[in-house]
Amino acid sequence: MSQTPNRNGLGLTASESRPYWPEPAKAPPGAPNVVCIVFDDLGFADLGCYGSEIATPNIDALAAGGLRYTNFHTTALCSPTRAALLTGRNHHSVGMGGLADWDLGFPGMRGRIARSAGTLAEMLRPAGYNTFATGKWHLTPTFETSQAGPFDQWPLQRGFDRYYGFLEGETSQWHPELVLDNHHIEAPDHEGYHLSEDIVDQSIGFIRAQRAITPEKPFFLYMCLGAQHAPHHAPKAFIDRYESVFAKGWDATRADRLARQKALGLVPADTVLPDRNPGVKPWDALSDDERRLAVRLQAAFAGMLEHADLQVGRLVNWLREQGCLENTLITLISDNGASQEGSPFGTVNALRYFNGVRDTLAENLEHIDAIGEAHLNNNYPLGWAMAGNTPLKRYKQNTHGGGIRDPLIVHWPAGIRQGGEIRHQFHHVCDITPTVLEVTGVQAPTEIHGVTQQPIEGTSFAYTFGDPAQPTRKRTQYFEMLGHRGIWHEGWKAVTWHKPGTAFDADQWELYHLDQDFNEMNDLAGQEPARLQAMIARWFSEAGACNVLPLDDTLNRFVSSNPHSVASRRRWVLQTGGGRIPQAAAPDIRNRSYRIDAHVEIPEGGAEGVLIAQGDWCGGYALYLKDGRLIHDYNFVNRHYVARSDRPVPSGRHTLSWVVRKTGEYTAEGELRIDDEPCGSAVLPQTYRAQASFIGMEIGRAPKPAVSDFNAPFPFTGVLHRVEVELGDDQQTDPQAGLEAALRRQ
């Protein structure tokens with residue numbers, strides 16, 4: 001019965017067959033570990049090693065042992081920068097021309113990374129790496145971040161072995177909305193918890209577990225802190241120490257930072273500060289109360305950064321103790337420049353900004369001592385963002401230097417021998433992936449999961465590691481964000497700031513010889529019109545090749561245009577036990593008629609607790625029972641419009657309702673009902689026109705911090721069978737309200 005094994009080594013029996021074990025993927029010999037650290041909304045001048053007075057000793061130590069770059073650029077916004085970093089392609093080329101919240105139906109604005117653009121994790125994992133992501137993701141369409149998915153754009157489906165963090169653009173540092181791998185989890189709820197600490201703990205935990213079993217395998221860690229995005233949450237002791245530091249104000253801070261930058265060799269000795277950005281008052285023109293508030297808001301930003309630096313130090317020290325720091329390539333960047341989203345005067349409630357509601361000084365001062373605490377969503381004034389971007393013009397969102405010229409630190413003891421040096425070559429965030437591929441010896445695959453891959457568009461900057469005099473190898477880089485445009489080509493830059501609602505053809509283009517004009521001070525458009533026109537033509541050529549067109553400046557993007565998304569649903573049937581529904585995937589009650597019906601069973605003796613709630617102290621809504629009464633609180637940016645039933649809810653089975661009828665452009669009236677009998681009402685003189693909350697929705701309980709007058713989570717003590725939500729078709733939203741209002745003030 002014997003048989004010669006066939007060409008696959010298989011015979012009729014095991015004794016007549018040749019066993020075969022395929023060799024597992026192995027990284028190239030000596031391939032380094034890779035750690036990419038991404039900060040959020042950190043300005044060019046905010047780190048100590050870039051001229052700041054904020055204490056960042058651990059990050060400064062990475063710079064002292066590695067390289068600092070002065071001509072590194074990003075995309076001006078978070079999701080696009082992260083997409084470009086992870087793919088090595090331009091942001092529009094891979095479908096992430098704006099935030100992951102925006103799907104406009106065009107190839108360059110899908111709110112997701114195309115499958116033809118594999119991530120660095122998808123490239124390194126088949127080459128023998130373990131891959132871990134922690135912290136902010138913001139690369140999944142936000143209406144696909146619920147427990148129902150789809151999951152194809154979650155981290156584990158884009159090449160990462162493990163993930164711990166938050167999927168959306170921001171979250172509370174004290175009570176974050178967290179995901180572990182492919183599912184939402186409850187945030188830790190113990191005294192002293194802070195997300196930055198948790199992210200580093202989890203990062204270390206992932207690497208430790210891997211090294212316990214396969215220490216010979218290299219790892220890729222993509223660690224994205226929530227710092228320095230608002231809300232600026234930090235322990236009080238870290239905030240307090242910066243009150244005296246920033247009492248001098250933003251004008252003096254900007255001047256001091258420029259002086260340090262010159263002394264450090266980061267900027268040319270003849271660099272001068274541009275005029276204040278539009279909308280920024282001289283520090284001396286502020287009242288005493290305005291200055292007091294502004295100082296405290298900046299102290300919170302600074303305290304958050306020092307606290308985050310401490311966590312970066314914990315990670316680096318742990319890598320050193322494990323003996324793997326020597327051959328670990330670390331890159332540390334910010335995803336864009338310092339943020340203009342705090343308004344001219346700063347805020348304790350960022351929802352106001354996004355809904356076009358101007359903060360009052362009195363409202364903010366009322367909470368000055370609580371700045372940095374869990375219930376506030378505080379952000380600093382424009383003047384501090386201007387100082388954060390010293391000596392550059394404008395901010396995050398813009399394609400002038402303040403939006404796109406950002407810190408880059410590279411640390412790799414095994415590959416960079418001359419630590420502490422500065423590099424001035426022009427590079428872009430899409431150059432990080434080709435740099436990593438070069439130093440690891442991994443080839444970019446031509447196909448991933450059967451999908452042919454787009455060409456890598458970035459240029460490796462590994463050539464800069466050993467020679468500061470090497471000329472820049474990159475030749476051209478376009479920029480576009482929210483209608484603002486720019487292009488860099490061989491040392492020259494053309495750029496325009498676009499006002500929403502105006503014709504793109506009317507935009508005034510500026511021209512700078514960036515190699516000789518560090519911070520865009522000398523506009524040569526009038527002197528070199530032919531060069532300017534050639535640069536503009538080059539921009540359009542790049543835009544056509546990279547899916548930038550069509551241009552769109554409406555900013556009407558937080559309302560999903562995709563008719564197939566969950567955000568387009570009009571009827572919802574919700575039950576307890578499903579966990580929190582992210583705000584972008586929850587029923588969209590903004591500025592429309594709608595109805596909520598909670599089907600309950602009240603025991604003898606009564607019940608209390610939340611039936612449905614979305615949001616937190618800053619804004620949202622809740623339908624709940626307290627002291628026997630049915631209550632609805634429409635929390636509009638912490639201005640409460642409350643309806644309370646005129647009678648107790650009796651025991652037994654009931655339908656408890658909140659019915660809203662739109663009465664005007666941004667006004668409505670709401671009515672409470674018990675078994676469809678009216679029992680209370682409230683006039684809503686203001687309704688949400690843009691972002692309704694930063695926090696998701698829960699059934700039968702509420703998120704922390706509480707959106708209304710109860711102690712969250714305040715679970716319902718009766719039986720909640722289901723909650724039905726019916727949305728009307730009369731919605732009018734204006735998601736650009738806050739953005740455009742801010743831009744008009746510039």
Side-chain angles (χ1 to χ4, degrees), residues 349 351 355 357 572 574 586-600 602 606-689 692-693 695 697-703 705-718 720 722-728 730-731:
N349 185 349
L351 270 183
N355 284 278
V357 177
W572 301 70
L574 305 162
D588 183 3
I589 56 93
R590 293 174 298 169
N591 196 38
R592 73 187 329 156
S593 301
Y594 63 96
R595 177 178 181 131
I596 299 173
D597 293 312
H599 299 270
V600 304
I602 308 296
E608 65 173 7
V610 169
L611 303 171
I612 181 174
Q614 179 175 339
D616 60 3
W617 181 92
C618 292
Y621 68 91
L623 180 65
Y624 61 99
L625 275 73
K626 186 177 180 183
D627 299 327
R629 306 290 173 131
L630 179 63
I631 301 170
H632 186 278
D633 186 346
Y634 191 91
N635 177 349
F636 180 78
V637 299
N638 200 241
R639 298 168 187 176
H640 296 260
Y641 305 110
V642 179
R644 185 184 304 271
S645 66
D646 56 14
R647 56 189 181 273
V649 178
S651 60
R653 295 185 70 122
H654 301 285
T655 299
L656 307 179
S657 306
W658 168 248
V659 182
V660 172
R661 182 178 66 86
K662 194 169 166 6
T663 57
E665 187 175 11
Y666 294 110
T667 62
E669 58 186 15
E671 185 175 73
L672 288 172
R673 298 178 184 177
I674 301 173
D675 298 325
D676 226 25
E677 290 294 323
C679 61
S681 64
V683 173
L684 309 181
Q686 305 172 94
T687 60
Y688 281 105
R689 60 175 65 185
S693 73
I695 303 296
M697 186 184 75
E698 298 203 25
I699 305 300
R701 51 176 288 172
V707 69
S708 188
D709 183 23
F710 51 75
N711 293 319
F714 198 38
F716 183 58
T717 58
L720 179 55
R722 66 188 183 280
V723 175
E724 299 173 356
V725 182
E726 188 81 32
L727 303 177
D730 55 353
Q731 184 181 49

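Judged purely by atom type and a 3.5 angstrom limit, Asn349 uses its side chain to pair as donor or acceptor with the backbone of Cys618. Remark: side-chain polar atoms of Asn355 are paired, donor with acceptor, to backbone N or O of Arg689 under 3.5 angstrom. A distance-only check finds no donor-acceptor pair linking the side chain of Lys626 to the backbone of Arg629 [under 3.5 Å]. For the pair Ser657 (side chain) and Val659 (backbone), a donor-acceptor distance under 3.5 Å is absent. Side chain of Arg590 to backbone of Tyr688: no donor-acceptor contact under 3.5 angstrom is found. A distance-only check finds a donor-acceptor pair linking the side chain of Asn638 to the backbone of Trp617 [under 3.5 Å]. Side-chain atoms of Asp597 never come within 3.5 Å of backbone atoms of Thr655 as a donor-acceptor pair (strictly under, hydrogens ignored).
The minimum heavy-atom distance linking Ser693 with Gln614 is given by the pair OG-NE2, 3.1 Å. Between Pro587 and Val725, the shortest heavy-atom contact is CB-CG1, 3.9 Å. Nearest heavy atom pair, residue Ile674 against residue Pro648, reads CD1-O, 4.2 Å. Considering all non-hydrogen atoms of both residues, Ala613 and Ala622 come closest at CB-CB, 3.9 Å.
You'll find the side chain of Leu684 stays beyond 4.5 Å of the side chain of Thr667, heavy atoms only. Annotation: side chain of Asp633 is not in contact with side chain of Tyr621 (no heavy-atom distance under 4.5 Å). Within the 4.5 Å cutoff, no side-chain heavy atoms of Gln686 are placed close to those of Val637. You'll find the side chain of Val723 stays beyond 4.5 Å of the side chain of Leu623, heavy atoms only. Side-chain contact between Gln731 and Asp588 is present, with at least one heavy-atom pair separated by less than 4.5 Å. You'll find the side chain of Ile602 reaches within 4.5 Å of the side chain of Leu625, heavy atoms only. Put simply, the side chain of Asp616 does not reach to within 4.5 Å of the side chain of Asn635, judged on heavy atoms. Leu351 places none of its side-chain heavy atoms less than 4.5 Å from the side chain of Val357.
To the nearest 0.5 Å, atoms CG (Leu672) and CZ (Arg644) are separated by 10.0 Å. Rounding to the nearest 0.5 Å places CD of Glu726 at 13.5 Å from OH of Tyr594. Distance check: Phe716 CZ to Arg701 CZ gives 15.0 Å after rounding to the nearest 0.5 Å. With rounding to the nearest 0.5 Å, the separation of CZ in Arg595 from CZ in Arg673 is 5.0 Å.
In this structure, Tyr641 and Tyr634 have tilted ring planes: the angle between them lies in the 30° to 60° band. Between Phe714 and Tyr624, the two ring planes are perpendicular [angle over 60°; tilted spans 30° to 60°].
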Checking side chain to side chain contact (heavy atoms under 4.5 Å, CB included) for the pair Lys662/Asn591: CA distance, chi angles, key distance, verdict?
CA-CA 7 Å; Lys662 194 169 166 6; Asn591 196 38; 3.5 Å; yes
Salt bridge (Lys or Arg N to Asp or Glu O under 4.0 Å), that's the test. Do Arg661 and Glu669 meet it? Break it down for me.
CA-CA 6 Å; Arg661 182 178 66 86; Glu669 58 186 15; 2.4 Å; yes
Show, in sequence, the C-alpha distance, side-chain angles and deciding distance for Asp709 and His640, and conclude whether the side chain to side chain contact (heavy atoms under 4.5 Å, CB included) test is met.
CA-CA 10 Å; Asp709 183 23; His640 296 260; over 6 Å; no
Please determine whether side chain to side chain contact (heavy atoms under 4.5 Å, CB included) holds for the pair Val660 and Ile589, giving the CA-CA distance in whole Å, both sets of side-chain angles, and the decisive distance to 0.1 Å.
CA-CA 9 Å; Val660 172; Ile589 56 93; over 6 Å; no
Under the side chain to side chain contact (heavy atoms under 4.5 Å, CB included) criterion, do Trp572 and Leu727 qualify, and how do the steps go?
CA-CA 9 Å; Trp572 301 70; Leu727 303 177; 4.0 Å; yes
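Counted by atom type alone, Asp730 and Ser593 present one or more donor-acceptor pairs between their side chains at under 3.5 Å.
Of the residues listed (Ile699, Ile596, Leu630), the one engaging Leu611 in a side chain to side chain contact (heavy atoms under 4.5 Å, CB included) is Leu630, and it is the only one.
Open room surrounds CG on Asp627; 12 or fewer heavy atoms of other groups in view lie less than 6.0 Å from it.
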